[in-house]
Amino acid sequence: MTASQGVALRELTGPMTLRELAERMSCEPSNATFVADRLEEQGYLERHPHPGNRRAKQLVLTSAGAELRERLLDLLSKDSPLAPLSPEEQDALQHLLARAVVH
């Protein structure tokens, strides 16, 4: 698995378009397309018709992709400097950091 594939899996929190994934990955849509293509070839991702836009596709994790995402998230959280914080404290920190970046 490449670093970009790991980032894509981390960001795929639910069905989303390639454009949405690219925004979350902070990359160009063409790069997100390349990553999504590889994940699809490996059986971790499927493209489904978008319910509200017939020109768009939604990226959806397969069951194998969802399992891999969970393992990835578990690995990323081990030995994290944020591990001592409770989930509520981590959410609060994320909220505060997001506010600081916007302002």
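Just so you know, residue 1 is the first one in the sequence shown, and it goes up from there.
Partners of E40 by salt bridge (Lys or Arg N to Asp or Glu O under 4.0 Å), not counting sequence neighbours, listed by chain and number: R47. With sequence neighbours excluded, the residues forming a side-chain contact (heavy atoms from CB on, under 4.5 Å) with S86 are E88, E89, listed by chain and number. For E41, the salt bridge (Lys or Arg N to Asp or Glu O under 4.0 Å) criterion is met by R38, not counting sequence neighbours. Applying the side-chain contact (heavy atoms from CB on, under 4.5 Å) test to A92 and every residue at least two apart in sequence or in another chain returns nothing.
Linking ILVMFWY residues whenever their side-chain heavy atoms come closer than 4.5 Å, directly or via other members, leaves L18 and V60 in distinct clusters. Both L72 and L21 are members of a single hydrophobic cluster when ILVMFWY side chains are connected at heavy-atom separations under 4.5 Å. Both L76 and Y44 belong to a common hydrophobic cluster when Ile, Leu, Val, Met, Phe, Trp and Tyr are linked at side-chain heavy-atom distances under 4.5 angstrom.
In this structure, the separation between SG on C27 and CE on M25 is 4.5 Å, given to the nearest 0.5 Å. To the nearest 0.5 Å, atoms CG (L45) and CG (L68) are separated by 11.5 Å. The line from OG1 of T62 to CD of E46 is 6.0 Å long, rounded to the nearest 0.5 Å. Note that the CD atom of Q94 and the CG atom of L96 stand 10.5 Å from one another [nearest 0.5 Å]. The structure places CG of L75 at 12.5 Å from OG of S80, a figure rounded to the nearest 0.5 Å.
Closest non-hydrogen pair, L39 versus A8, comes out as CD1-CB, 4.0 Å.
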Under 3.5 Å, side-chain donor or acceptor atoms of residues 10-17 against the rest of the protein: list the pairs with distances, not counting sequence neighbours.
residue : atom : partner : partner atom : Å
T13     : OG1  : R24     : NH1          : 3.2
T17     : OG1  : E20     : N            : 3.1
T17     : OG1  : E20     : OE1          : 3.4

Side-chain donor-acceptor contacts of residues 50-59 below 3.5 Å, not counting sequence neighbours, with atom names and distances?
residue : atom : partner : partner atom : Å
H50     : ND1  : G52     : N            : 2.9
H50     : ND1  : N53     : N            : 3.1
N53     : OD1  : R55     : N            : 3.0

Item to complete: Run the numbers on M1 and Q42 for side chain to side chain contact (heavy atoms under 4.5 Å, CB included), then give the verdict.
Response: CA-CA 10 Å; M1 170 173 297; Q42 295 169 333; 5.8 Å; no
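A distance-only check finds no donor-acceptor pair linking the side chain of S4 to the backbone of V35 [under 3.5 Å]. Remark: the backbone N or O of E67 is not paired with any side-chain donor or acceptor of E70 at under 3.5 angstrom.
Looking at heavy atoms from C-beta onward, T33 lies in side-chain contact with D37 at the 4.5 angstrom threshold.
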